[in-house]
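Fair warning: this is a prediction, and the values are worked out from it, not measured in the lab.
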Amino acid sequence: MEITFQNLQEKKMTFDMVFQRILSFMSRNPAGNYQLMIGTDSQVHAKHTTFITGLVIMNKGKGAWACIRKVVLPRKVLRLHEKISYETTLTEEVVSLFTEDKKNQLIDVVLPFVYQGATFSIEGHIDIGAGRRNKTRDFVNEMVARIESIGIEPKIKPDSFVASSYANKYTK
């Protein structure tokens, strides 16, 4: 099964198309400060659960390009641990598409400009929080460890805005 992405301009983008959009976005200003952020949120509906994985490349203070991947399970996912775990799995799935070669291609865009302040990072945004009143706090260590184990920087609430804001917007 081919993983497809979409945004307001394009539907049914392959990962290779998405990667080319990211490369093109970064190449326009190779001296930028880039964050590649990937995160998933979900919404339980009457007969299904919608999972949206957001993928955002942001040049801090200078704009962003983004797209989503939508996965619909034909049942209500009511157990919180299962829901959070599946959200993390979907994030890991998209991150895994960025092979070492692809990551190196992105790094190569900014590398000549590092001494002028250019940066590049990859973050996994998890829709969980460690706050005392947050029901997901029991799963923070487990999900953070999973994101760290695939070699990217985990972000939780309030810093996980790709999952908690961008992806959330498309789960309704």
>> Tell me if a side-chain donor or acceptor on Asn33 pairs with a main-chain N or O of Ala118 at a distance below 3.5 Å.
In response: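 Looks like no, no N/O pair under 3.5 Å.
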>> Has Asp127 got a side-chain atom pairing as donor or acceptor with Ser160's backbone, closer than 3.5 angstrom?
In response: no
> With ring centroids as reference points, do Phe51 and Tyr86 lie under 6.0 angstrom apart?
Replying inline: yes
> Any side-chain heavy atom of Leu97 within less than 4.5 Å of one from Phe19?
Replying inline: no
>> Is there a side-chain contact between Phe139 and Leu80 in this structure, where contact means two heavy atoms from C-beta onward sitting under 4.5 Å apart?
In response: yes
>> Rounded at 0.5 Å granularity, tell me how far CG in Leu55 sits from CZ in Phe5.
In response: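 Separation between the atoms: 6.0 Å.
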> Which distance, rounded to the nearest 0.5 Å, do you find between the CD1 of Ile3 and the CE of Met13?
Replying inline: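 Here the rounded value is 13.5 Å.
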> Would you call Lys102 and Glu100 a salt bridge, taking side-chain N to carboxylate O under 4.0 Å as the test?
Replying inline: no
>> Hydrogens and angles aside, do Ser42 and Glu87 bring a side-chain donor and acceptor to less than 3.5 Å of each other?
In response: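 There is such a pair (donor and acceptor under 3.5 Å, judged by atom type) between the side chains of Ser42 and Glu87.
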> When you check the side-chain N and O atoms of Thr136 and Asn134, is any donor under 3.5 Å from an acceptor?
Replying inline: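 Yes, a side-chain donor-acceptor pair sits under 3.5 Å.
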> With Thr14, which residues qualify under side-chain contact (heavy atoms from CB on, under 4.5 Å), at least two apart?
Replying inline: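 If we apply the side-chain contact (heavy atoms from CB on, under 4.5 Å) test to Thr14, skipping adjacent residues, the hits are Glu2, Asp16, Met17.
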>> For Lys11, I'd like to know if atom NZ has over 12 heavy atoms of other residues, nucleotides or ligands within 6.0 Å.
In response: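 Result for NZ/Lys11: enclosed.
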> Is it true that atom NZ of Lys172 has more than 12 heavy atoms of other residues, nucleotides or ligands lying nearer than 6.0 Å?
Replying inline: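 Atom NZ in Lys172 is crowded, with more than 12 foreign heavy atoms closer than 6.0 Å.
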> What do the steps show when you test His125 against Glu123 for side chain to side chain donor-acceptor pair (under 3.5 Å), and what is the final call?
Replying inline: CA-CA 6 Å; His125 288 206; Glu123 300 173 356; 2.8 Å; yes
> Angle class for the Tyr166/Tyr170 ring planes (parallel below 30°, perpendicular above 60°, tilted otherwise)?
Replying inline: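 Ring orientation of Tyr166 relative to Tyr170: perpendicular.
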> How far apart are the C-alpha atoms of Thr91 and Arg146, what are their side-chain angles, what is the distance that settles it, and do they pass the side chain to side chain donor-acceptor pair (under 3.5 Å) test?
Replying inline: CA-CA 10 Å; Thr91 296; Arg146 283 176 56 182; over 6 Å; no
> Taking a hydrophobic cluster as the set of Ile, Leu, Val, Met, Phe, Trp and Tyr residues connected by side-chain heavy atoms closer than 4.5 Å, whether directly or through intermediates, do Phe161 and Val56 fall within one such cluster?
Replying inline: yes
> Are Ile38 and Val18 connected in a single hydrophobic cluster, I mean Ile/Leu/Val/Met/Phe/Trp/Tyr linked by side-chain heavy atoms less than 4.5 Å apart?
Replying inline: yes
>> Checking side chain to side chain contact (heavy atoms under 4.5 Å, CB included) between Phe120 and each of Lys103, Gln35, Met26, which is the one that passes?
In response: Met26
